[in-house]
Protein chains: 4
Amino acid sequence: MTSSRQHHAAPGGASDDIEPEKRRAILHAAVHVFADKGYHGCRIADVARAAHVAYGLVYHYFRNKDELLENVLAEQWAIFTNALAAIGAGPGSAADKIAGIFGFVFDVYKTAPSAIRVLLLTRTPQGLRAGSTRETFERAVGLVADIVRQGQSRGELQPEADPTIAATSLLGGMELVLSGMVIGLVPGTSEAEVDRVRRQAVDVAIGGLRKG
Amino acid sequence: MTSSRQHHAAPGGASDDIEPEKRRAILHAAVHVFADKGYHGCRIADVARAAHVAYGLVYHYFRNKDELLENVLAEQWAIFTNALAAIGAGPGSAADKIAGIFGFVFDVYKTAPSAIRVLLLTRTPQGLRAGSTRETFERAVGLVADIVRQGQSRGELQPEADPTIAATSLLGGMELVLSGMVIGLVPGTSEAEVDRVRRQAVDVAIGGLRKG
Amino acid sequence: MTSSRQHHAAPGGASDDIEPEKRRAILHAAVHVFADKGYHGCRIADVARAAHVAYGLVYHYFRNKDELLENVLAEQWAIFTNALAAIGAGPGSAADKIAGIFGFVFDVYKTAPSAIRVLLLTRTPQGLRAGSTRETFERAVGLVADIVRQGQSRGELQPEADPTIAATSLLGGMELVLSGMVIGLVPGTSEAEVDRVRRQAVDVAIGGLRKG
Amino acid sequence: MTSSRQHHAAPGGASDDIEPEKRRAILHAAVHVFADKGYHGCRIADVARAAHVAYGLVYHYFRNKDELLENVLAEQWAIFTNALAAIGAGPGSAADKIAGIFGFVFDVYKTAPSAIRVLLLTRTPQGLRAGSTRETFERAVGLVADIVRQGQSRGELQPEADPTIAATSLLGGMELVLSGMVIGLVPGTSEAEVDRVRRQAVDVAIGGLRKG
DNA sequence: CATGAATGAGCGTTCATTCAT
DNA sequence: TATGAATGAACGCTCATTCAT
């Protein structure tokens, strides 16, 4: 669940592996600063200040800025892909599952937009940022593609659609709609608005634009 | 002294205010460097070197880095939105026009991927980058939304779909599929592959996923 | 609170004020780390790790980094100057005593090169490092100068030679020859090689280069 | 002569390869700061300030601190080894040449002690600092060893002495005597004192300590 | 127009030192 | 004693921007 590349997971006990409170604070603060200012605009000093923590402590818990932000991304992506996996493994038709994905993401957006905005930042020059991020992205696409495949084999979805391309398109549509809300191009201030946008986005993704 | 604004080539008029060759070289080089390295990775020195131009000359033609890159974005977006406008104003059904959009973008991608990758970079922290870029993005969405609206009034497209949301979703899907090709997640090496991906993406966008 | 000074083992007295085992471990580790990496390359964390001791404990026994390394130097220099004093006070001609100095140092070098390398580090910007080190260095030169003086009064050595300068020259020659071995410029891998180098160095120091 | 790893030597012309004045100023200032404070105590800001130059300019001419100080060392060593080579190739007995070496170094010390002090700093943890420095040191020893060899073949010097060891010992003696003057252990304030010390050091090096 | 040397603010990182337990 | 988390000053390096020629 929690990333913790470092900081020793206790093998045996349950209550031992407690993540240091300040480490969590740093990670938490980093999500917001990162979401607000992006990779380069996000300064270590900002994160430390937002976490109410001394500058140097960031480097006590993370080797450097890259590792810190990679942990942030990994954590948020883990939450997202775990949700995708749970939805995929759950009951319901493929259409229900796709609607469920939108439901999950838009819900999180309502309460913790930074978490979503961080996901949107993943895409960066050089394709995706070094290392694990690309795989994570690939994994997310794969999980959605699995749902599509399942729907096709059940006769619910278009059999001709390439699952990977369909999944990518679907996620991209969702992403830009969210981005549109983030920048105010698509109305998403009130909860009701967000819900309406979500329903529209789901309808377009599943039903397509063509009348019929 | 001389504002760089005056260097804009006069669109309609006589060929008097010819854009200096080196200014063009800088802009051209900037597209590639920007596409390759992103906003922060793109250094003025890189651009100057790629343009085979002296360092200081960049500052002769552009007030600063932001203005340079804004020009780059504006230019590429202008090409794109002009194409959208032309397609929208042209003949054919709404579906044809949407397919035409994909056709245009994927064609450009085949010959000048940097031009497309620059568009993909537009989305950045702080919503969209300063100034005109946001409007440009809004304009592109608006043009696609117009096509959707037209299709709805002609009875070709789903009347319940919100044109703006539909347009955003459509562009987002296209964008992420392109990104997928850029990073190699979606196969797009050969021309045939690119064409196949394009067709798939169009089908999903227009026809949706639901079996019909 | 507790000044680390009190940790010095009582030289003459009863065995009451036993030096804590961990203090010794730190000092021991510091010799090696210091010898390997020099003053600035030697981090407190390195010493603590090498001593298998907690970070903070170093600061329990030593006020700060400077004091720690001063203790290291003082200890190694004490060993050296004690040997010089013993040799000086012992029997034999001045030439024998000088040979004895080389014998002692080269022997230590064979079994504990770090101890010697630490001595070689003493010389540092700002003349010699703060505090006692300079005096220690002065004392070593003085002890050798005493041997020279003694030899002169016995009619064994050149009466015109300035004892201090001669002593300094002699130690400098020895030092650089050792440095040469440390860096591999002078062969000093096997015991036999080291012995040969020692003999050569002694001969040059005592007999000079001039044929006769 | 001048190092200039970078900054393009003009192949043809003579007056073209002018070293930029500010580059020289930086190098010059670096000699002094480096000599005063040593490698780690020498901050780029100090050098820039001493050179009356903007901080960033140091990085215009040198890739980083290491390269700057390597250039400093290389330059000073080049001066020294060139002198050694000239002395070695010149006329006179081996003893004259050795005396000439001392003469050169002590003369420089009188007018530009920093130049000598920088040479003394070369010896550093890890044997000698990275790269070229070790070779330079080796070259200096080699040049002196050549003089020794020549003297031996002419029947002027002890035939049994190992030239490399003798050369190392000789340079080491000279070095520590200089160090002694630098730190005030050996009197070297007035010119007369310096000359006296030099004569003593030469006598000890050539004649040895044994009464003959 | 064109050049590239010169400037300096900004930021990532290190590491000696302190402190609560 | 002993631990290691917490602190923050210091410094190397980058790079956008300016300026003299």
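Chain naming here is simple, since letters A, B, ... match the order of the sequence lines and numbering starts at 1 in each.
- One atom, NZ of B:K37, and another, P of F:dT14, lie 14 Å apart when rounded to the nearest Å.
- Atoms NZ (A:K65) and C1' (E:dC11) sit 8 Å apart, rounded to a whole Å.
- Atoms NE2 and CD1, on D:H60 and D:I26 in that order, are 9.0 Å from each other to the nearest 0.5 Å.
- To the nearest angstrom, P of E:dT14 lies 11 Å from CD1 of A:I44.
- Summarising the geometry, the separation between CZ on A:R49 and C1' on F:dT7 is reported as 15 Å, rounded to the nearest angstrom.
- A distance of about 23 Å separates the P atoms of E:dC1 and F:dT21, rounded to the whole Å.
- Listed for the B:N71 side chain is a donor-acceptor partner under 3.5 Å among the backbone atoms of B:E67.
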message: Could you walk me through whether D:E19 and D:L27 satisfy the side-chain contact (heavy atoms from CB on, under 4.5 Å) test, starting with their C-alpha distance in whole Å, then the side-chain angles of each, then the deciding distance to 0.1 Å, before giving a yes or no?
response: CA-CA 11 Å; D:E19 179 185 19; D:L27 233 17; 3.9 Å; yes

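- A donor-acceptor pair under 3.5 Å links the side-chain atoms of B:K65 to the main chain of B:C42, judged by distance alone.
- Remark: C1' of E:dG8 and NE2 of D:H52 are 18 Å apart, rounded to the nearest angstrom.
- Between D:A45 and C:K22, the residue anchored closer to the 5' end of DNA chain F is C:K22, taking for each the nucleotide with the nearest heavy atom.
- Comparing C:C42 and D:A54 along DNA chain E, the residue whose closest nucleotide (by nearest heavy atom) sits nearer the 5' end is D:A54.
- Both C:N64 and D:V53 lie near DNA chain E, and the one whose nearest nucleotide falls closer to the 5' end is D:V53.
- Side-chain contact between A:L73 and A:T136: absent, with no pair of heavy atoms (C-beta onward) separated by less than 4.5 Å.
- Within 4.0 Å of D:L57, counting heavy atoms only, lies at least one base atom of the nucleic acid.
- Below 30°, between 30° and 60°, or above 60°: for D:Y55 and D:Y59 the angle between ring planes is below 30°, a parallel geometry.
- Atom P of nucleotide E:dA6 and atom CZ of D:R23 are separated by 12 Å, given to the nearest angstrom.
- Within the structure, a side-chain polar atom (N or O) of D:H60 is placed less than 4.0 Å from OP1 or OP2 of E:dA5.
- E:dT21 and F:dA2 make up a base pair, with Watson-Crick or G-U wobble contacts both under 3.5 Å.
- DNA chain F is contacted by both B:R43 and C:V58; C:V58 maps to the nucleotide lying nearer its 5′ end (nearest heavy atom per residue).
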Atom pairs, N/O to N/O, protein against nucleotides 18-21 of chain F, distance under 3.5 Å?
none

